[in-house]
Amino acid sequence: MKNLLSLLMLVFLSCLPQLGCRSNNGSLSESNQAAEHRQVGNHQVIVCNLDLLKDTITVALSDFTEELQIVKLDERPEALVQRVHPPIIGNQYILVAGSYWLGQIPHRLFDISGKFIANVGGIGKGPGEYSYIYEELLDEENNRIYLSQMYSDAILVYDLKGKPLPSIPLPQRISRSTFRINQGEGIVTVFIDPDSEQRRAVTSPYIAWSQDMSGKVINGIPTGSSIKCGISTMALPVMHNNTKDLDILITVGSGCQDTLYHYDIQGNTLVPQFTIDFKGGDVPFHFYCELPHHYLCYMTQLIPGAAPHIAPTHSTPRNILIEKGTLKGSYFKLVNDFLGNIKINRPDYYFKNGYYAYSYDPAELIEDLEDALQNNDIPADMREKLTDLRNSIKETDNNYILYAKLKQ
């Protein structure tokens with residue numbers, strides 16, 4: 001196992017048995033139908049009924065993904081990272097988000113084995129530099145990395161050596177944005193944080209639009225026209241990109257029943273796909289995530305006075321799982337059965353761009369492995385391998401990247 005670590009890559013498909021983890025907790029196939037199709041205008045929307053959700057089931061990561069891989073990142077001082085956003089996984093590269101607040105670390109590019117390739121631009125206000133990045137995109141096919149900076153009028157562009165290229169202009173200065181780029185057709189699709197009456201930092205006539213590479217808008221969705229709750233200081237554009245569709249959630253966090261949409265570029269419409277019916281009651285803080293065959297929801301109550309977009313303070317959260325085909329659903333907890341059933345908090349956050357991806361601080365990974373080893377039900381072969389893995393990790397290591405490709 002230590003020899004494998006020296007090669008920086010661990011593939012768990014062949015060397016770690018998966019734990020059967022649902023026999024005592026039920027399964028989704030045994031759960032109630034907890035959602036229904038409702039006609040909303042010209043569209044059918046899957047609507048979850050909270051009253052029909054029953055016991056919490058335990059779901060294995062392997063139910064959603066192929067084999068788990070672990071990458072030990074390069075230990076050179078210039079390669080050290082912090083955990084900010086989930087890493088972006090490609091076929092040949094791993095893009096790790098930097099941090100303006102935690103050490104002023106730029107985005108860093110590694111190859112798929114964990115070898116440090118380059119910083120992507122740098123922290124600052126000069127050419128090719130940035131401060132707070134809201135979204136990043138890795139495009140290996142076209143030798144591009146794209147970064148969306150807060151309060152900016154352009155998408156920053158870099159090559160796969162981290163060198164700046166000409167930016168993509170936006171039609172206006174925006175606060176937060178998520179985006180997708182079709183390099184072949186020269187189309188950029190942008191989703192933004194709607195204008196906030198409290199901040200008044202930016203104003204936009206659109207909440208989503210498509211444009212060409214020169215910044216010319218082709219078409220757009222007017223701000224507030226399709227988002228039920230309209231303007232809010234909490235509004236965040238969220239895109240997971242786990243299916244072929246352009247999924248978009250512009251969430252106000254709490255106090256409003258949010259909806260997950262698909263953006264139809266040709267029709268220039270937001271097509272509603274999934275929501276939860278809170279039936280006019282107290283609407284909790286919640287996020288949705290779309291997978292190829294499921295919807296996930298993270299739901300919790302905010303403690304009064306919390307600022308969730310800065311330092312979240314929540315009550316005990318709950319996760320909801322709805323299967324698209326059967327509409328069966330349940331509260332659930334997700335565990336990493338490749339690593340002894342380590343619990344995965346906020347599963348909706350770590351499924352993105354067709355992968356489960358997590359950046360582990362080595363001390364945190366050690367702690368989780370030690371907790372897993374406390375389970376007396378772990379088979380002897382898995383216990384041996386997890387013990388070897390635990391003993392190979394030093395707290396002074398750079399982060400470890402765990403990733404697994406989503407099953408389609």
Side-chain angles (χ1 to χ4, degrees), residues 8-9 71-190 211-216 239 241 352-355 357 359 398-399 401 403:
L8 305 179
M9 178 68 76
V71 179
K72 179 185 177 184
L73 295 181
D74 200 322
E75 294 187 74
R76 285 178 285 173
E78 62 268 29
L80 297 179
V81 301
Q82 294 275 1
R83 186 176 74 224
V84 186
H85 301 172
I88 305 298
I89 309 299
N91 293 322
Q92 302 177 61
Y93 297 96
I94 299 172
L95 178 63
V96 179
S99 171
Y100 178 74
W101 305 108
L102 302 174
Q104 297 205 353
I105 299 172
H107 278 52
R108 287 180 170 155
L109 187 67
F110 299 81
D111 71 15
I112 202 66
S113 74
K115 179 183 177 182
F116 177 61
I117 301 299
N119 289 329
V120 181
I123 302 295
K125 297 183 178 180
E129 294 181 333
Y130 46 82
S131 53
Y132 185 81
I133 297 298
Y134 184 77
E135 182 75 289
E136 49 275 320
L137 185 65
L138 174 63
D139 181 1
E140 293 177 336
E141 184 178 353
N142 294 292
N143 189 38
R144 295 289 188 272
I145 294 169
Y146 303 98
L147 304 181
S148 172
Q149 183 175 207
M150 289 183 61
Y151 304 108
S152 175
D153 59 0
I155 295 173
L156 303 177
V157 185
Y158 304 84
D159 64 20
L160 294 183
K161 295 181 180 179
K163 302 300 182 183
L165 298 172
S167 298
I168 300 172
L170 298 172
Q172 68 225 25
R173 185 169 174 262
I174 57 179
S175 56
R176 301 177 180 92
S177 68
T178 185
F179 60 97
R180 288 295 174 265
I181 295 178
N182 185 325
Q183 186 78 29
E185 296 183 7
I187 300 296
V188 182
T189 308
V190 183
Q211 63 169 70
D212 63 21
M213 293 293 189
S214 69
K216 180 181 178 181
M239 195 177 195
N241 197 36
K352 194 166 184 178
N353 298 310
Y355 285 88
S359 179
N398 200 358
N399 278 20
I401 304 299
Y403 71 89

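On a predicted model such as this, the values are computed, not experimentally measured, just so you know.
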Is there a side-chain contact between [X] and [Y] (heavy atoms, below 4.5 Å)?
| X | Y | value |
| --- | --- | --- |
| Glu140 | Asn143 | no |
| Ile112 | Tyr403 | yes |
| Val96 | His107 | no |
| Leu80 | Ile105 | no |
| Ser152 | Arg173 | no |

Taking all non-hydrogen atoms of both residues, which atom of [X] and which atom of [Y] are closest, and how far apart?
| X | Y | value |
| --- | --- | --- |
| Ile89 | Ala357 | CG1-CB, 3.9 Å |
| Ser359 | Asn399 | OG-ND2, 2.9 Å |
| Gly128 | Tyr158 | O-OH, 2.8 Å |
| Leu156 | Glu129 | CD1-O, 4.1 Å |
| Leu170 | Ile174 | CD1-CD1, 3.5 Å |
| Val188 | Met213 | CG2-SD, 3.7 Å |

Test of understanding: with salt bridge (Lys or Arg N to Asp or Glu O under 4.0 Å), list the residues that count as partners of Arg83, not counting sequence neighbours. Glu364
Rounded distance [0.5 Å steps], [atom1] in [X] versus [atom2] in [Y]:
| X | Y | atom1 | atom2 | value |
| --- | --- | --- | --- | --- |
| Asn398 | Arg76 | CG | CZ | 10.5 Å |
| Leu160 | Arg144 | CG | CZ | 8.5 Å |
| Leu95 | Tyr146 | CG | OH | 13.0 Å |
| Glu141 | Gln183 | CD | CD | 9.5 Å |
| Thr189 | Asn182 | OG1 | CG | 8.0 Å |
| Ile145 | Asp139 | CD1 | CG | 10.0 Å |

Enumerate donor-acceptor pairs with a distance under 3.5 Å from any side-chain N or O in residues 161-169 to protein atoms, sequence neighbours excluded.
none

Is it true that a side-chain atom of [X] and a backbone atom of [Y] form a donor plus acceptor pair closer than 3.5 Å?
| X | Y | result |
| --- | --- | --- |
| Tyr130 | Leu147 | no |
| His85 | Ala97 | no |
| Arg108 | Ile94 | no |

Please list, chain by chain and in numerical order, all residues satisfying side chain to side chain contact (heavy atoms under 4.5 Å, CB included) with [X], sequence neighbours excluded.
| X | answer |
| --- | --- |
| Ala118 | none |
| Pro171 | Trp209, Gln211, Val217 |
| Met150 | Tyr132, Tyr134, Arg176 |

Are side-chain N/O atoms of Gln82 and Ser99 paired as donor and acceptor at under 3.5 Å? no
Please name all residues satisfying ring-ring contact (aromatic ring centres under 6.0 Å, His included) with Phe116, sequence neighbours left out, ordered by chain then number. Phe110
Taking NZ, NE, NH1 and NH2 as the nitrogens, is one of them in Glu136 or Lys352 under 4.0 Å from a carboxylate oxygen of the other? no
Pair Ser177, Glu135 - check side-chain contact (heavy atoms from CB on, under 4.5 Å), show working. CA-CA 7 Å; Ser177 68; Glu135 182 75 289; over 6 Å; no
